[in-house]
Chemist: 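Below is one structure. I have some questions about it.
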Amino acid sequence: MSSDEEREEKELDLTSPEVVTKYKSAAEIVNKALQRVIAECNPKAKIVDVCEIGDSFIREQTGNMYKSAKKKIERGVAFPTSISVNNTVCHFSPLGTDETVFEEGDIVKIDMGCHIDGFIAIVAHTHALQTGPITGRAADVIAAANTAAEVALRLVKPGKKSKDVTEAIQKVAAAYDCKIVEGVLSHQMKQFVIDANKVILSISNPETRVEEAEFEENEVYAIDIVASTGEGKPKLLDEKQTTIYKRAVDKNYHLKMKASRFIFSEITQKFPLMPFTARALEEKRSRLGLFECVNHDLLQPYPVLHEKPGDIVAHIKFTVLLMPNGSDRITSHPLQELQPTKQVDDPEIKAWLALGTKTKKKGGGKKKKGKKGDKVEGSTEAEPMDATNDAETQG
C-alpha cells in the first residue's frame, strides 16, 4: 500500500474531537491575527510591513502550541497574509522592497490562514480606513459580500448542492446592484489540503466546469465571497505582482537552472503543501527560479487580480465545520457600521437568512427559560443589511 493510500485509509475528519479542537485552535489564532492586522492598517503604513505582522503573529502563536507533543506537529501559516486595496481583488502580499502604503479612505481586504497539524482555518475581511459609518457604494458592496456570506452559511449544509449556493450569492449581490466576482472558488478543506475536490463556483459559466458537489456531514469548507461594484471580471495586470505560490504535489520536472533547483529544494523543505509567499525565500535568487517552476507547473501561482480603477471590491471568507448538530462558522470579524443605499426586500433572500444554522436536537429535553430579550441559544437568524438596518453587524 502506498503512503497516499495509507493516508486515505486513516483520513481524519470532524468525527475526531481532537481534530475539531485543532480546527478551533487554528481559528482562534487566525481571528486574533486578523484583529491585530486591522489595528495596524493605518494611513501611510507600508502594506508589506502589515502583512509581515500578520504572518509573524500566526507563526509565534502556533509555535507555542504542542511543544511537548511526542511526534512533531506541523503548524503555522496556511495562507500568507495578503492585503488588497480598493479595486485590487486579491493576493496582494508584496516583497520587502515594495513601498505601497495605505491611504485614508482605502477599502482594505485582508485574507489569511492558519493551520495546526494541517487542519486549516482561513478568514478574509473587508475594512475601511475611515471613522464613522461606511456609506454609498462602498457600504453596498460590503453589505452584498456579507449578506451573501450569511446566506451561504445557511445553504452549505448536508443534502444541499453547490449550485444552490452559487445561484443564491449572485441573487444577493444583484439586490445591492453589485456583482459576484468571477473565478473565485470556495473549496472543501481536508488535513493539509487547502483546496480539496469539492468546489462551489462563484458564478457558473461555460468556461468553468466543475463537478456538482453535495455537502455532507463532517466536512469543512472555506466559503469565499468576493463582490464588486464593477463588472466582476478581474484582470491580471502585472505578473511581477504575483508573490504567493503553492507546490503542485502531483507534478515533477527536472529543472534546468541552478537557481530554480535551489529555490525548489527550499520550497519542498519549507512549504511542501501550503501556499507561501516569495518573501519567505532567499529572495535575491527567487524571481528567475520561481518563473521556471511556474512554467513547468511545479508551482501554482495565486495571481494579483484587479477590477477597473474606481471599482470597489469587498471580500468575506470564513471557515465552516459541518458538525452533526449543524454548521459551525469558526472564523469571522465584526464589520464596521454600514449604511447601504439599497434595501433588500426580496422574500427569497429574507427566507434564506431566516434559516437556522443549528439542527434541532431530537428528544424532549426541557428548554431553559431565558430572560426577556435574551437570544435563544442556536438562534442564528440574520437580516439583510440595508438602509433600515444599517448597524447590523454579523460577527
Chemist: Under a 3.5 Å distance rule, please check whether E266 uses its side chain to pair with a backbone N or O of F262 as donor and acceptor.
Modeler: no

Chemist: Any cation-pi pair here, R329 with F318, using under 6.0 Å and within 45°?
Modeler: yes

Chemist: Side-chain atoms of residues 39-47: list all donor-acceptor pairs with protein atoms under 3.5 Å, sequence neighbours left out, distances to 0.1 Å.
Modeler:
unit_1 : atom_1 : unit_2 : atom_2 : d
N42    : ND2    : A39    : O      : 3.2
K44    : NZ     : E103   : OE1    : 2.7
K44    : NZ     : E103   : OE2    : 3.3

Chemist: With sequence neighbours excluded, what pairs up with D328 under the salt bridge (charged side-chain N to carboxylate O under 4.0 Å, His left out) test?
Modeler: K24

Chemist: Checking K235 now: which residues fulfil salt bridge (charged side-chain N to carboxylate O under 4.0 Å, His left out) with it, not counting sequence neighbours?
Modeler: none

Chemist: Without swapping roles, check the side chain of S202 against the backbone of V181 for a donor-acceptor pair under 3.5 Å.
Modeler: yes

Chemist: N295: what forms a side chain to side chain contact (heavy atoms under 4.5 Å, CB included) with it, not counting sequence neighbours?
Modeler: F291

Chemist: Would you say that more than 12 heavy atoms from the other residues, nucleotides or ligands in this model lie under 6.0 Å from the CD of E212, or not?
Modeler: yes

Chemist: Would the distance check show the side chain of T319 and the main-chain N or O of T331 forming a donor-acceptor pair, the cut-off being under 3.5 Å?
Modeler: no

Chemist: Does the S56 side chain pair with the main chain of I53, one donor and one acceptor, at a distance under 3.5 Å?
Modeler: no

Chemist: Looking at D13 and E217, would you say the former's side chain and the latter's main chain have a donor-acceptor pair under 3.5 Å?
Modeler: no

Chemist: Among pairs that include at least one residue of residues 221-231, which meet side chain to side chain donor-acceptor pair (under 3.5 Å), considering only residues two or more places apart or in two chains?
Modeler: E219-Y221, D224-H315, S228-E307, E231-K308

Chemist: Does any pair with a residue in residues 117-145 pass side chain to side chain donor-acceptor pair (under 3.5 Å), and if so which ones, sequence neighbours excluded?
Modeler: K22-D117, H127-Q336, R137-D140, D140-T341

Chemist: Sub-3.5 Å donor-acceptor pair from the side chain of R279 to the main-chain atoms of P94, do we have one?
Modeler: yes

Chemist: State which residues pass salt bridge (charged side-chain N to carboxylate O under 4.0 Å, His left out) with K233; sequence neighbours excluded, sorted by chain then number.
Modeler: none

Chemist: Enumerate the residue pairs fulfilling side chain to side chain donor-acceptor pair (under 3.5 Å) with a member in residues 75-92, sequence neighbours excluded, ordered by first and then second residue.
Modeler: D55-T81, N86-D106, T88-H306

Chemist: For E292, enumerate each residue passing the side chain to side chain contact (heavy atoms under 4.5 Å, CB included) test, keeping only those at least two apart in sequence or located in another chain.
Modeler: Y253, L255, K256, M257, S260, H296

Chemist: Testing V226, V141, I107, V85 for side chain to side chain contact (heavy atoms under 4.5 Å, CB included) with V313, which one passes?
Modeler: V226

Chemist: Quick one: which residue pairs count as a salt bridge (Lys or Arg N to Asp or Glu O under 4.0 Å) with a foot in residues 78-88, not counting sequence neighbours?
Modeler: none

Chemist: Residues in side chain to side chain contact (heavy atoms under 4.5 Å, CB included) with T268, at least two apart?
Modeler: R247, F264

Chemist: Carefully, step by step, assess V50 and I110 under the rule side chain to side chain contact (heavy atoms under 4.5 Å, CB included).
Modeler: CA-CA 10 Å; V50 182; I110 301 155; over 6 Å; no

Chemist: Report the residue from T277, I120, V30, I244 that forms a side chain to side chain contact (heavy atoms under 4.5 Å, CB included) with F79.
Modeler: I244

Chemist: Go through the structure and list residues passing side chain to side chain contact (heavy atoms under 4.5 Å, CB included) with A145, not counting sequence neighbours.
Modeler: I225, A227, A314, I316

